[in-house]
Amino acid sequence: MKRKMDFTLMEDDYRKVIFRFYPRQTFVHGFEIDYCPKTWEEVYKVYYSFAIIQYHKDDNGNIETESADRLLYMYCDECSQIPNLKEIIEHIMNNDDYVFDYPTIGQPAIDWKISKRKGVYEWEDEDNEPYEYYKFEMFDNCLNVGYRFTLDRKQVEEFCKYLDKINQYALEHSVPI
């Protein structure tokens, strides 16, 4: 079983921020005592483990692994929204006015708020290219700690692929109740 699965949220010359999923600490349970769920319809409850981690870089642009800062850590996101996030994000991508703001039922758990911003930079001259970015706000409802980040449309599409990958992995390694 994999130890971690990462997605880069942001990277520049000085730091790298990642969304890290921990498969070994994530549990997907089915309704049956003796059988693991094979589809999401057979899933009773999920407990996802993940973190937002920031690494600093040295003067040569190399990541200093000992500099890792956990900006947000959810050891056990009970009733996690992560299995549904891809569909929620796709709905937001197709509906300009829709904002997902849903508290998660569970303790501890992550509350998610996702919104889209579209427009044109007004200070540009003639070739105003439209922008589209997505704002993600995550809030740990037990520790009162949060983290927010923004991604452009291309990054959001990659994030959705990443979510598919971790969800499929979690389902394939599910456990009976």
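Every value quoted in this text rests on a predicted model; they were computed, and no experiment measured them. By convention here, the first residue in the shown sequence is residue 1.
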Under a 4.5 Å cut-off applied to non-hydrogen side-chain atoms, are Leu171 and Trp40 in contact?
-> yes
Does the side chain of Arg3 reach to within under 4.5 Å of the side chain of Pro23, using non-hydrogen atoms?
-> no
Using a cut-off of 6.0 Å, state whether more than 12 heavy atoms not belonging to Lys113 lie near its atom NZ.
-> no
Would you tell me whether Glu42 and Tyr44 have side-chain atoms, one donor and one acceptor, within less than 3.5 Å of each other?
-> no
Just jot down the side-chain hydrogen bond (donor to acceptor under 3.5 Å, both in side chains) partners of Asp140, sequence neighbours excluded, or say none.
-> none
In terms of heavy-atom contacts, does OH of Tyr75 have more than 12 from other residues, nucleotides or ligands at under 6.0 Å?
-> no
Report the distance from atom CE of Met93 to atom NZ of Lys116, rounding to the nearest 0.5 Å.
-> 7.5 Å
Specify whether Trp112 and Phe50 have parallel, tilted or perpendicular ring planes, treating 30° as the upper limit for parallel and 60° as the lower limit for perpendicular.
-> tilted
Would you name the heavy atoms of Ala170 and Thr26 that are closest together and state the gap between them?
-> CB-CG2, 4.2 Å
Side-chain donor-acceptor pairs of residues 61-71 under 3.5 Å, sequence neighbours excluded:
unit_1, atom_1, unit_2, atom_2, d
Ser67, OG, His56, N, 3.0
Ser67, OG, Glu64, O, 2.5
Asp69, OD2, His56, NE2, 3.1

Would a line drawn from the ring center of His29 to the ring center of Tyr47 be shorter than 6.0 Å?
-> yes
Are the side chains of Leu72 and Phe19 in touch, meaning some heavy atoms are under 4.5 Å apart?
-> no
OH on Tyr134 to CZ on Arg117, rounded to 0.5 Å | 11.5 Å
Derivation of the ring-ring contact (aromatic ring centres under 6.0 Å, His included) call for Phe21 and Tyr162 | CA-CA 10 Å; Phe21 171 68; Tyr162 167 77; 7.4 Å; no
Would you name the heavy atoms of Tyr73 and Gln25 that are closest together and state the gap between them?
-> OH-OE1, 3.5 Å
Sequence neighbours excluded, which residues qualify as side-chain hydrogen bond (donor to acceptor under 3.5 Å, both in side chains) partners of Arg148?
-> none
Is the shortest distance from a Lys or Arg side-chain nitrogen in Lys118 or Asp96 to a carboxylate oxygen in the other one below 4.0 Å?
-> yes
Flag the pair Glu157 and Arg153 as a salt bridge only when some basic side-chain nitrogen lies within less than 4.0 angstrom of an acidic carboxylate oxygen.
-> yes
So does Asp59 have more than 12 non-hydrogen atoms from other groups sitting under 6.0 Å from CG?
-> no
Identify the heavy atoms of Gln155 and Leu151 that sit nearest to each other, and give their distance.
-> OE1-CA, 3.3 Å
